[in-house]
Novice: 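Quick one: structure below, then a few questions.
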Amino acid sequence: MRKASLSFFPHLTRHRIKSLTGILSRDYISDASCTSPSSLVSPNHFKPCSKSRGLFYKNKQFQVNPSRNIDTMVEKSPQMSSRQKKAKEKTDLEEAFESAKTPEEMLYAFKNMESAYSETELGLASLKIGLKLDQEGDDPEKALSFAERALNALDKDGRPSLPVAMALQLLGSIYYGLKRFNDSLGYLSRANRILGKLKEEGFGFEDIGPVLHAVLLATANVKTAMGRREEALADLMNCLKIKETTLGQDSLELGKSNRDLAEAYVSVLSFKEALPFCMKALEIHRKELGQNSVEVAHDRRLLGVIYTGLEEHEKALEQNKLSQKVLKNWGLSSDLLRAEIDAANMQIALGKYEEAINSLRDVVQQTDKESEIRALVFISMGKALSSQEKSADAKRCLEIACGILEKKERVSPLDVADAYSEISMQYESMNEFEIAVSLLKRTLAILEKLPQEQHTEGSVSARLGWLLLLTGKVQQAIPYLESAAERLKESFGSKHFGIGYIYNNLGAAYLELDRPQSAAQMFAVAKDIMDVSLGPHHADSIGACQNLAKAYDAMKSYTLAIGFQKQVVDAWESHGPSARDELQEARRMLQLLNKKALGEDPNELPRKALPMPQTSASTRR
């Protein structure tokens, strides 16, 4: 059966386009479907297909008039006309392109085709080369040129089609690799809209499902890189639904997808939401692979992390021990060492400090002197010793860890940044604020070179600003807090509760600098955010309202100050007996404001910054 000419593609009927794109999309989705959708491990998880068989489609009756069919004409006459020769030359060129395996072979075949075909006719071939080049990853600029060329050719009439959606997904993939996330998201969003239109036109799920999965998975990875992890979760959930529709309920691939989604929830500290997906993954892997499989071990280790986040530390230890047993049987020493470190951290959480230290001493003997795992051991040991108030020994452990990590900054920048942030928090807990600040500055210097980690950079900047404010370096704190607010708004939206804390601390800084009007503006923003994200009766929302009253007090706008202070009193009253002390203090401050309004001059009202949420970098990862 001969392959139809490329010139025939623009005139394909809807039925034919659906069938041909099915051939494309089956392979197109193959690589994307096996990637980790959370994109928490590596950007390389987001890749298009490795092959695209069927770019030149077989259709025996591609001409209405059978007498004009090339096959028929070749059989009737041993001598071909010039038109027949041209058609045969095109067929030979197509077959050469189809048989090409390497990028070099494909580019050579494509160059020969350029003189025989128009730019429009080369659209699908350009798409295939772009996919191959993007998969190889060696020349993103060349891949980009073919992707743009494919889109321009396939999208000439402006009508939605699956090949256009695929070209847009390819562009999204390439721009993701180039860390141009906004451009990537734009192309992927357009691809998603086109697939929605095709669905409305009657295309079946078997046609658009595989491409839609690739687009959603890519979108989730881009949003994750931009720090918009909560938004990415919705895309990952839809990816899982697509797989549940297309795969069997006990498919191994479905098991891995459930675990990937659980990991994504863990990355945003949503442990309760992560639990059922991890349990589903464990159920599938136990049934299909048995209790002693590596996949089951990975499920159990993740389950241990989830139980730790839920503060069910005994359950976490139980899962960790089961995981260690399997990892040991399989000889996976690196994974086993990390699981043992996890177990030590669980013991620390349970207050079993000596057990944790003894476990870590055994682990450190199995690590290379300059390895990152060895650094993690000393970080955990420092935490255990600090909890025993053995500050000198804890600091020594942290110094050893830092000595190892500073040699790894170029090799594993993100892991080192996470470790520095964790160490900083330990120094902070020992009231070593100068060292904590220095480590956070080193962390920022690393993260500034990683554009996909701007959300992490924002979080570290917020913590650094808070520490500077806490230690009286108010003027230095402000730029870090302002930078944090802007970066986190881009990542999490303007109403995220963490941004409320930052604006509250900015207000405290401005108030400390005798800039009450600026402080009032910041406190008002903080209150609005916290009222939405936490609720108006949350303790921190009440605190922001209290600070707003203080700012207006400093401006001598007593009517406004009294109004906000009354809101504070009402909010604490709603808490009942559990907030008796807070209510008493709120009423005392209201009395002071009333006295000021009457012309009296009581002592200045106290003010302070809200503490930043205690979230370690290791838990975030």
Novice: Using side-chain heavy atoms (C-beta onward) and a distance below 4.5 Å, is Phe146 in contact with Leu170?
Specialist: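 Not in contact.
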Novice: What pair of heavy atoms forms the shortest contact from Phe378 to Leu398, and how long is it?
Specialist: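 Nearest heavy atoms, Phe378 then Leu398: O-CD2, 4.4 Å.
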Novice: Step by step, work out the side chain to side chain contact (heavy atoms under 4.5 Å, CB included) result for Arg190 and Asp155.
Specialist: CA-CA 12 Å; Arg190 188 182 165 206; Asp155 196 29; 2.5 Å; yes
Novice: Of all residues at least two apart in sequence or in a different chain, which pass the side-chain hydrogen bond (donor to acceptor under 3.5 Å, both in side chains) check with Lys315?
Specialist: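 In terms of side-chain hydrogen bond (donor to acceptor under 3.5 Å, both in side chains), with neighbours along the sequence ignored, Lys315 is linked to Glu312.
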Novice: Quick check: does any side chain N or O of Lys408 sit under 3.5 Å from a backbone N or O of Glu370, one acting as donor and the other as acceptor?
Specialist: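 Checked: pair present.
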Novice: Between Leu447 and Leu414, is a side chain to side chain contact (heavy atoms under 4.5 Å, CB included) present by the stated rule, with each step listed?
Specialist: CA-CA 7 Å; Leu447 294 173; Leu414 185 55; 4.1 Å; yes
Novice: Counting N and O atoms only, with roles assigned by atom type, does the side chain of Ser386 sit under 3.5 Å from a partner on the main chain of Lys383, one being a donor and the other an acceptor?
Specialist: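 No.
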Novice: Check the pair Lys241, Glu244 against salt bridge (charged side-chain N to carboxylate O under 4.0 Å, His left out), reporting the backbone distance first and the verdict last.
Specialist: CA-CA 5 Å; Lys241 289 177 180 177; Glu244 287 174 341; over 6 Å; no
Novice: Tell me if a side-chain donor or acceptor on Ser483 pairs with a main-chain N or O of Pro479 at a distance below 3.5 Å.
Specialist: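 A pair under 3.5 Å: no.
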Novice: With a 6.0 Å cut-off (strictly less than), is the heavy-atom count around CE of Met237, excluding the residue itself, greater than 12?
Specialist: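 It does: Met237 CE has more than 12 such atoms within range.
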Novice: From Leu247 CG over to Leu240 CG, what is the distance, rounded to the nearest 0.5 angstrom?
Specialist: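 Going from the CG atom of Leu247 to the CG atom of Leu240 covers 9.5 Å.
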Novice: Tell me whether Glu409 contacts the main-chain N or O of Ile446 through its side chain, where contact means a donor paired with an acceptor under 3.5 Å.
Specialist: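 No, because the side chain of Glu409 does not come within donor-acceptor range (under 3.5 Å) of the backbone of Ile446.
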Novice: With a 4.5 Å heavy-atom cut-off, do Met425 and Ser429 have their side chains touching?
Specialist: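 With C-beta onward as the side chain, the pair stays apart.
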Novice: Can you find a heavy atom in the side chain of Glu372 that is under 4.5 Å from one in the side chain of Ile404?
Specialist: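 No, their side chains stay 4.5 Å or more apart.
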Novice: Does the pair Lys197/Glu200 count as a salt bridge with the N-to-O cut at 4.0 Å?
Specialist: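 Here Lys197 does not pair with Glu200 in a salt bridge, since their nearest N and O are not under 4.0 Å apart.
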Novice: Roughly how far apart are Lys223 NZ and Glu230 CD, rounded to 0.5 Å?
Specialist: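 Reported to 0.5 Å precision, the distance equals 11.5 Å.
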Novice: Measuring from atom OH of Tyr175 to atom CG of Leu185, what distance do you get when rounded to the nearest 0.5 angstrom?
Specialist: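 One finds 13.5 Å between OH of Tyr175 and CG of Leu185.
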Novice: One pair to check against salt bridge (charged side-chain N to carboxylate O under 4.0 Å, His left out): Glu314 and Lys352. What are the steps and the verdict?
Specialist: CA-CA 12 Å; Glu314 294 291 353; Lys352 300 178 180 179; 3.7 Å; yes
Novice: Give a yes or no answer on whether the side chain of Ser323 reaches the backbone of Gln319 with a donor-acceptor pair at less than 3.5 Å.
Specialist: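 Absent.
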Novice: Begin from the C-alpha positions of Glu453 and His455 and carry the test side chain to side chain contact (heavy atoms under 4.5 Å, CB included) through to its verdict.
Specialist: CA-CA 5 Å; Glu453 291 295 321; His455 57 291; 3.7 Å; yes
Novice: Among all residues two or more places apart in sequence or in another chain, which pass the side-chain hydrogen bond (donor to acceptor under 3.5 Å, both in side chains) test with Lys287?
Specialist: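 Partners of Lys287 under the side-chain hydrogen bond (donor to acceptor under 3.5 Å, both in side chains) test: Asp250.
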Novice: Please report the shortest heavy-atom distance between Leu188 and Gln169, naming the atom on each side.
Specialist: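 Residues Leu188 and Gln169, closest heavy atoms: CD2-CA, 3.9 Å.
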Novice: Would you compute the distance between atom CZ of Arg286 and atom CD of Glu295 and round it to the nearest 0.5 angstrom?
Specialist: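 Result: 15.0 Å between the selected atoms.
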Novice: Counting only N and O atoms by type, is there a donor-acceptor contact under 3.5 Å from the side chain of Ser421 to the main-chain atoms of Ala417?
Specialist: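 Checked: no pair found.
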Novice: With side chains defined as the heavy atoms from C-beta onward, is the minimum distance between Val294 and Leu332 less than 4.5 Å?
Specialist: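 Yes, close enough: below the 4.5 Å cut-off.
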Novice: Quiz question: by atom type and distance under 3.5 Å, do the side chains of Asp134 and Ser173 form a donor-acceptor pair?
Specialist: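 Short answer, yes.
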Novice: Pairs in or reaching into residues 297-310: which pass salt bridge (charged side-chain N to carboxylate O under 4.0 Å, His left out), with residues at least two apart or in two chains?
Specialist: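 Those involving residues 297-310 are Arg259-Asp299, Arg301-Asp342.
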Novice: Going by atom type alone, with no hydrogens or angles, which donor-acceptor pairs under 3.5 Å involve a side-chain atom of residues 529-538 and a protein atom two or more places apart or on another chain?
Specialist:
residue : atom : partner : partner atom : Å
Asp531  : OD2  : Lys527  : NZ           : 2.8
Ser533  : OG   : Ile529  : O            : 2.8
His537  : ND1  : Ser574  : OG           : 3.2
His538  : ND1  : Asp540  : N            : 3.0

Novice: Decide side chain to side chain contact (heavy atoms under 4.5 Å, CB included) for Asn504 and Met522; before the verdict, give the C-alpha distance in whole Å, the side-chain angles of both, and the deciding distance to 0.1 Å.
Specialist: CA-CA 6 Å; Asn504 185 81; Met522 297 299 103; over 6 Å; no
Novice: Between Glu136 and Lys132, does a salt bridge (charged side-chain N to carboxylate O under 4.0 Å, His left out) hold up when you go through it step by step?
Specialist: CA-CA 6 Å; Glu136 298 291 326; Lys132 183 66 173 178; 3.6 Å; yes
Novice: Could you walk me through whether Asp260 and Lys243 pass the salt bridge (charged side-chain N to carboxylate O under 4.0 Å, His left out) test, one step at a time?
Specialist: CA-CA 13 Å; Asp260 290 337; Lys243 285 198 171 183; over 6 Å; no
Novice: As an exercise, state the distance from CG of Asn505 to CD1 of Ile502, rounded to the nearest 0.5 Å.
Specialist: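 Atom-to-atom, Asn505:CG and Ile502:CD1 are 8.0 Å apart.
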Novice: Applying side chain to side chain contact (heavy atoms under 4.5 Å, CB included) between Leu303 and each of Met279, His298, Glu318, report the one that passes.
Specialist: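 Checked Met279, His298, Glu318 against Leu303; only one passes side chain to side chain contact (heavy atoms under 4.5 Å, CB included): Met279.
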Novice: Check whether any side-chain heavy atom of Arg374 sits under 4.5 Å from a side-chain heavy atom of Asp368, and report yes or no.
Specialist: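 In short, these two side chains do not touch, never coming nearer than 4.5 Å.
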Novice: Between Asn320 and Ala339, is there a donor-acceptor pair closer than 3.5 Å when you use the side chain of the first and the backbone of the second?
Specialist: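 Here the side-chain-to-backbone pair exists.
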Novice: Donor-acceptor check, side chain of Thr219 to backbone of Val215, threshold 3.5 angstrom: yes or no?
Specialist: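 Yes; at least one donor-acceptor contact below 3.5 Å.
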Novice: Test: salt bridge (charged side-chain N to carboxylate O under 4.0 Å, His left out). Region: residues 264-282. Which pairs qualify, not counting sequence neighbours?
Specialist: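 Matches after skipping sequence neighbours: Lys280-Glu283.
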Novice: Counting distance only, does the side-chain N/O of Ser184 pair as donor-acceptor with the main-chain N or O of Arg180 below 3.5 Å?
Specialist: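 Not a single qualifying donor-acceptor pair exists.
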Novice: Can you confirm whether Lys441 sits close enough to Tyr420 that some side-chain heavy atom of one is under 4.5 Å from a side-chain heavy atom of the other?
Specialist: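 Lys441 does not reach Tyr420 side chain to side chain.
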Novice: Closest heavy-atom contact between Ser161 and Leu198?
Specialist: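 Where Ser161 meets Leu198 most closely, the heavy atoms are C-CD1, 3.7 Å.
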Novice: What's the spacing between Ile499 CD1 and Arg487 CZ if we round to 0.5 Å?
Specialist: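 Between Ile499 CD1 and Arg487 CZ, I get 13.0 Å after rounding to 0.5 Å.
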Novice: Indicate the atoms forming the closest heavy-atom contact of Cys402 with Ile423, along with that distance.
Specialist: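 So the two residues come closest at SG-CD1, 3.8 Å.
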Novice: With the side chain counted from C-beta on, respond yes when Val364 and Leu360 share a heavy-atom pair under 4.5 Å apart, and no when they do not.
Specialist: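 With C-beta onward as the side chain, the pair stays apart.
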Novice: Within a strict 4.5 Å, meaning less than it, do heavy atoms of the Phe181 and Tyr176 side chains meet?
Specialist: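 The answer is yes, as the side chains (C-beta and beyond) meet within the 4.5 Å cut-off.
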Novice: Output yes when a side-chain donor or acceptor of Ser461 lies under 3.5 Å from a complementary backbone atom of Glu457, and no otherwise.
Specialist: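 Checked: no pair found.
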Novice: Take atom NZ of Lys495 as the centre, draw a 6.0 Å sphere, and report whether it contains more than 12 heavy atoms from other residues, nucleotides or ligands.
Specialist: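 More than 12 within 6.0 Å, yes.
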Novice: Please identify each residue that fulfils ring pair (Phe, Tyr, Trp, His ring centres under 6.0 Å) with Tyr480, with sequence neighbours left out.
Specialist: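 Residues passing ring pair (Phe, Tyr, Trp, His ring centres under 6.0 Å) with Tyr480: none at all.
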Novice: Closest approach of Leu236 and Ala264, non-hydrogen atoms and distance?
Specialist: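 For Leu236 and Ala264, the tightest heavy-atom pair comes out as CD1-CB, 3.5 Å.
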Novice: Ser251 and Ile284: which non-hydrogen atoms are nearest, and at how many Å?
Specialist: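 Shortest heavy-atom contact: O-CG2, 3.5 Å.
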